[in-house]
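Proteins come first, then strands; the chains are lettered A, B, ... in the order of their sequence lines, and each starts at number 1. For the numbers below, each heavy atom of this structure counts, side chains included, while hydrogens, waters and symmetry mates do not.
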Protein chains: 2
Amino acid sequence: MDFKEAKNKFVQTWGALGSQWGINKTMAQIHALLMVSNEPVSMEDIMEELQISRGNASMNLRALMDWGIVYKEFKAGERREFFTAEKDLDELAVKISKERSKREIKPALKVLKEVSSINANASAEEKHFVEQTSKLYDFVLKADNVLDKITEYKDNWLAQLLVKFMK
Amino acid sequence: MDFKEAKNKFVQTWGALGSQWGINKTMAQIHALLMVSNEPVSMEDIMEELQISRGNASMNLRALMDWGIVYKEFKAGERREFFTAEKDLDELAVKISKERSKREIKPALKVLKEVSSINANASAEEKHFVEQTSKLYDFVLKADNVLDKITEYKDNWLAQLLVKFMK
DNA sequence: AATATCTTTCATTTTTTTTTGAAAGTTTAA
DNA sequence: TTAAACTTTCAAAAAAAAATGAAAGATATT
């Protein structure tokens with residue numbers, strides 16, 4: 001396998017993986033492309049390499065920047081914009097964790113709190129509902145706290161975690 | 001908010017959350033419904049409560065059973081089948097982790113290993129590619145190992161993890 | 001201030017995913 | 001072994017998501 005093939009395979013695989021995690025294919029592919037580029041990449045190059053339209057490239061780059069995992073770069077003397085991805089994997093994990101917590105977990109917690117707080121009458125059905133959603137609330141809250149803690153460690157949290165867990 | 005509203009809100013929210021995690025809405029809704037039901041539920045009831053077709057119910061129940069988080073139940077004297085969800089949340093997390101590892105992480109690792117093993121010639125571009133995909137391989141491998149370890153603890157791994165991390 | 005270079009927006013089109021429902025399949029019971 | 005009760009399958013339809021591209025919007029240059 002030569003470089004071109006390998007790069008292509010990586011970008012395709014990352015893209016497919018993205019879909020399975022609720023991220024759209026192109027967005028994941030752009031991210032993959034930037035991750036393995038040693039130089040900032042122009043929108044033109046991204047369009048060319050992934051065979052996508054200008055609008056598509058623009059919108060997905062915007063989304064990636066909203067996630068805080070892709071940055072704009074300005075090259076001296078160049079009019080157009082260039083893009084780079086966050087390449088530090090710990091930093092990347094932290095950013096994704098924080099963002100997903102904010103966008104998805106926190107709102108879900110709010111709903112869980114609400115629905116688990118209804119005044120259950122005597123019926124076994126309602127009691128079970130309250131019990132189960134309360135457990136779910138506790139569980140998700142704990143999981144979210146773990147994420148928070150992890151992001152505090154920031155550097156190399158994964159290795160530390162592994163060490164702690166294996167001992 | 002009364003019970004009916006709360007239940008509906010929970011099912012809807014869980015369904016929406018599912019979409020953001022690469023699981024289809026109906027599948028997540030069926031799972032939500034079963035999670036908060038104290039009694040096994042028939043396919044007829046699922047169709048009725050979620051307003052979905054028989055085929056849809058059948059296929060998504062099958063998918064949930066493939067994930068190992070929903071079970072068929074047979075009631076004495078009853079011809080039709082009933083369904084229940086795994087309600088132990090630790091167990092649920094373990095099953096989902098294992099399944100995602102098997103379906104997504106392991107195959108991704110294989111590709112990462114492949115593409116990071118190309119024979120990089122002297123160009124900075126190729127060197128960077130190999131370096132970055134190698135780092136990614138190590139990172140994902142470590143993360144996958146953490147999942148493995150977690151599943152060994154099985155009961156209440158989350159609480160243990162939290163304690164370890166906060167100390 | 002007019003023009004050139006580049007980016008964003010968004011209505012429309014295309015693609016992908018999900019859902020439907022009727023036919024085929026399966027199991028139990030009479 | 002026939003029929004009744006239920007489940008699964010899958011081609012077609014519907015819905016949802018993503019992509020296009022041209023026009024509008026910026027921003028720099030002459």
Touch class at under 4.0 angstrom, heavy-atom based, for B:Arg80 against every strand present: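 Since only primed, P, OP1 and OP2 atoms lie under 4.0 Å of B:Arg80, the category is sugar-phosphate.
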
Sugar-phosphate, base or nothing in reach of A:Asn24, heavy atoms under 4.0 Å: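 Contact class for A:Asn24: sugar-phosphate only.
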
Closest nucleotide among D:dT29, D:dA19, D:dT7 to the A:Ser53 side chain: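 It is D:dA19.
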
Shortest side-chain distance from B:Glu81, nucleotide among D:dA28, D:dT8, D:dT9: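 Of the options given, the side chain of B:Glu81 lies nearest D:dT8.
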
May I have the distance from [X] (atom [atom1]) to [N] (atom [atom2]), rounded to whole angstrom?
X	N	atom1	atom2	result
B:Phe83	D:dT8	CZ	C1'	11 Å
A:Arg62	D:dA19	CZ	C1'	18 Å
B:Glu78	D:dA5	CD	C1'	11 Å
A:Arg54	D:dA22	CZ	C1'	12 Å
A:Ile52	D:dT20	CD1	C1'	11 Å
B:Met59	D:dA11	CE	P	11 Å
B:Arg79	D:dT7	CZ	P	9 Å
B:Lys25	D:dA16	NZ	C1'	9 Å

Report yes or no: do [X] and [Y] belong to one cluster of Ile/Leu/Val/Met/Phe/Trp/Tyr joined by side chain heavy-atom distances under 4.5 Å?
X	Y	result
B:Met27	B:Met59	no
B:Tyr71	B:Ile96	no
A:Phe82	A:Ile52	no
A:Leu141	A:Leu112	yes

Contact boundaries on DNA chain C for chain B, cut-off under 4.0 Å to non-hydrogen atoms: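 First and last nucleotides in contact are C:dT18 to C:dT28.
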
With a 4.5 Å limit on heavy-atom distance, are the side chains of [X] and [Y] in contact?
X	Y	result
B:Leu34	B:Ile46	yes
A:Glu39	A:Asp45	no
A:Lys106	A:Ser101	yes
B:Glu86	B:Trp67	no

Salt bridge (charged side-chain N to carboxylate O under 4.0 Å, His left out) between A:Glu44 and A:Arg80, intermediate numbers included: CA-CA 9 Å; A:Glu44 209 67 41; A:Arg80 68 221 159 113; 5.9 Å; no

Positions of residues 26-45 of chain B (non-hydrogen atom under 4.0 Å from DNA chain C), listed by number: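 Residues of residues 26-45 of chain B that come under 4.0 Å of DNA chain C are, in numerical order, B:Thr26.
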
Whether over 12 other heavy atoms sit under 6.0 Å from A:Asn119 CG: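 Counting other residues, nucleotides and ligands, CG of A:Asn119 stays at 12 neighbours or fewer.
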
D:dT8 phosphate, OP1 or OP2, under 4.0 Å from B:Lys72 side-chain N/O: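 It does, given that an N or O in the side chain of B:Lys72 lies less than 4.0 Å from OP1 or OP2 of D:dT8.
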
Earlier contact from the 5' end, DNA chain C, for A:Gly55 and A:Ser19: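 Residue closer to the 5' terminus by nearest nucleotide: A:Gly55.
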
A:Asn56 or B:Gln51, whichever maps to the more 5' nucleotide of DNA chain C: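 Comparing both residues, the 5'-ward one is A:Asn56.
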
